[in-house]
Colleague: 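Dropping a structure here in structure tokens format, bear with me for questions.
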Amino acid sequence: MKKTELIQKSYEIAKERYAALGIDTEAALKRLQKIAISIHCWQADDVTGFENLNNVGGGGIQATGNYPGKARNIDEIRSDIEKVLTLIAGKHRLNLHETYGEFGDKVIDRDEVEPEHFTSWMQWAKEKDLKLDFNSTSFGHPKSGDLTLANPDKAIRDFWIEHTKRCRIISEEMGKFQNDPCIMNLWIHDGSKDLTVNRYKYRQILEQSLDEIFATEYKHMKDCLESKLFGIALESYTVGSHDFYLGYGAKKQKIVTLDTGHFHLSENVADKISSLLLFTPEIMLHVSRPIRWDSDHVVILNDDICELAKEIVRADALNRVNVGLDFFDASINRIGAYVIGIRATQKAFLQALLEPLAKLREYEGNGQYFERLALLEESKGLPWNAVWDYFCLINDIAVGEDYIAEVQQYEKSVTSKR
Ligand code: RNT
Ligand code: ZN
């Protein structure tokens, strides 16, 4: 039997199997098709960017590995992303950092960046039918130090306030241009390597800086704030902790970003979805895979991500949760890394959309807890993968492991020559 035929037949059988449980696979496919994933640009080049500044490390993030073929300029990043898009289904978004502007040979410091540095990105994104999201960038700069927006030194603080204000203006322009709000994420590494006796003071300064940054309201962009547990060389204290941004977000109605690598490893990030939905306007996700720490491994289909997707679907919150990715593995083929991570995220959402929720809730309502647990267990083994293969088929992209050969081919003809 031809592979296409096999996939179609398997799907028909799966469809019936699901229908018996009251699940409409066609409806699930339609909903999955609409989930736009905000693809982070920084997996393509290990968070390097295109600044012509004398960049320094710092900021507590680090890509590990030196697999050959990383993108070295804007054209290469775009080409790589275009390749990735041919291997995934659906319409998506691209998440840019400020350091990825088109600066040419010019030295543009972070407090000088303008929307014009992103004009070509906006045009390219339009041609590729992508929407853009944005991030301010306070790491990897001579003024990054240990403290940026929370720095008691007014000159340094003002530099980063100016940077972040400009990033909001750029986001606003992007949102206007694409006729869809641009989501701007604000993550700063601010913290302390060793014990500090000024926890309150730095957080108070950060609150004031944020108030100043957010004083202007925009129509075409949305702000989100990303916390972190700790960074390398900043292990003892993080100014922008989860409590801090949760409080700020609830008070000021700002979006809180949940990076799945930014919590204690035994903490259940999925459990935070329903609480945030009650008190903040939307949620931004940075789906990542922490191994022992915030290691930013490529996302795979594991229990954590499945639970996260299920909590979003169970809360009927697909329209209030912005799904973004955040991983950067420089030890394997970078295009392949994207494809694995994006597909894994989509698979998790598909599984969530195929959950026999009505029946599960009926059991729960009746106090039938054995039945609830049994059905939860059994639903793990339902033929979701036949629906997934069919999703790839109808989207005219490589089914199953077929994308491996396509990534290898691109490596052979493009990235290995860099
Ligand atoms: C760092 C944060 C942040 C970055 C990107 C590059 O720990 O997760 O989101 O990964 O801004
Ligand atoms: Zn993140």
Side-chain angles (χ1 to χ4, degrees), residues 37-51 55 57-65 70-71 77 93-101 110 132-141 144 146 148-149 160 163-164 167 170-171 182-191 223-235 237-242 244-245 249 255-265 267 269 272 276 283-299 304-305 308 321-330 334 337-338 341 345:
I37 295 178
S38 190
I39 302 169
H40 55 312
C41 72
W42 51 92
Q43 163 67 59
D45 74 336
D46 315 339
V47 210
T48 311
F50 309 125
E51 273 181 323
N55 286 18
I61 57 168
Q62 199 180 357
T64 53
K70 84 169 186 178
I77 285 220
R93 309 175 68 88
L94 182 68
N95 196 9
L96 292 173
H97 249 282
E98 183 271 344
T99 40
Y100 288 75
R110 303 226 183 138
L132 296 176
D133 290 321
F134 201 58
N135 297 259
S136 53
T137 314
S138 59
F139 53 85
H141 181 278
S144 294
D146 289 351
T148 61
L149 292 177
W160 292 112
H163 166 74
T164 317
C167 287
I170 294 166
S171 304
C182 168
I183 308 212
M184 187 188 129
N185 188 55
L186 194 162
W187 171 71
I188 55 167
H189 56 272
D190 294 36
D223 299 290
C224 52
L225 298 159
E226 180 182 9
S227 70
K228 181 156 171 160
L229 191 58
F230 75 95
I232 296 289
L234 300 165
E235 289 87 354
Y237 168 71
T238 301
V239 186
S241 61
H242 183 60
F244 178 89
Y245 288 127
I255 301 173
V256 172
T257 302
L258 294 176
D259 183 310
T260 57
H262 289 190
F263 297 88
H264 291 282
L265 292 184
E267 209 168 335
V269 182
K272 299 176 190 301
L276 279 175
I283 294 173
M284 178 75 208
L285 292 179
H286 274 191
V287 184
S288 194
R289 178 167 57 109
I291 300 292
R292 301 190 184 277
W293 74 293
D294 181 26
S295 59
D296 289 297
H297 276 66
V298 178
V299 166
D304 295 342
I305 184 177
L308 185 66
V321 178
N322 305 281
V323 185
L325 305 177
D326 187 6
F327 52 82
F328 33 99
D329 188 339
R334 294 172 184 79
Y338 270 126
T345 306

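For ligands, and for the atoms within them, numbers begin at 1 and follow the listed sequence.
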Colleague: Which atoms of ligand 1 are found less than 4.0 Å from any heavy atom of His262?
Modeller: 1 (C), 2 (C), 7 (O), 8 (O)
Colleague: With respect to Ser288, which candidate in Thr260, Asp296, Asp294 satisfies the side-chain hydrogen bond (donor to acceptor under 3.5 Å, both in side chains) definition?
Modeller: Asp296
Colleague: Does the separation of the ring centres of His141 and Trp160 fall below 6.0 angstrom?
Modeller: yes
Colleague: Show me which atoms of ligand 1 lie under 4.0 Å from any heavy atom of His97.
Modeller: 5 (C), 6 (C), 11 (O)
Colleague: Apply the side-chain contact (heavy atoms from CB on, under 4.5 Å) test between Met184 and each candidate in Asp133, Asn95, Thr164, Ile170; give the one that qualifies.
Modeller: Thr164
Colleague: Within a distance under 4.0 Å of any heavy atom of Asp259, pick out the atoms of ligand 1 and give their elements.
Modeller: 8 (O)
Colleague: Using the side-chain contact (heavy atoms from CB on, under 4.5 Å) rule, pick out the option among Thr148, Leu186, Asn185, Leu149 that qualifies with Ser136.
Modeller: Leu186
Colleague: Using a strict 4.0 Å cut-off to heavy atoms of Phe328, name the atoms of ligand 1 that fall inside it.
Modeller: 10 (O)
Colleague: How wide is the angle at the Zn ion (ligand 2) between OD2 in Asp326 and OE2 in Glu226, to the nearest 10°?
Modeller: 170°
Colleague: Can you confirm if the aromatic rings of Tyr100 and His40 lie within a centre distance of less than 6.0 Å?
Modeller: no
Colleague: Hey, is ligand 1 close enough to Asn185 that some N/O pair sits below 3.5 Å?
Modeller: no
Colleague: Relative to ligand 1, is His189 under 4.0 angstrom through side chain, backbone, both or neither, heavy atoms considered?
Modeller: neither
Colleague: Are the ring centres of Phe327 and His286 closer than 6.0 Å?
Modeller: no
Colleague: Where on Asp294 is there a heavy atom closer than 4.0 Å to ligand 1, on the side chain, on the backbone, on both, or on neither?
Modeller: side chain
Colleague: Just jot down the ligand 1 atoms closer than 4.0 angstrom to any heavy atom of Trp42, in number order.
Modeller: 5 (C), 6 (C)
Colleague: Is it true that Arg289 and Asp304 have a side-chain N and a carboxylate O under 4.0 angstrom from each other?
Modeller: no
Colleague: Hey, looking at atom 7 (O) of ligand 1, which of Lys228, His286, Glu226 has the closest heavy atom?
Modeller: Lys228
Colleague: Is the Zn ion (ligand 2) under 2.8 Å from any N, O or S atom of His286?
Modeller: yes
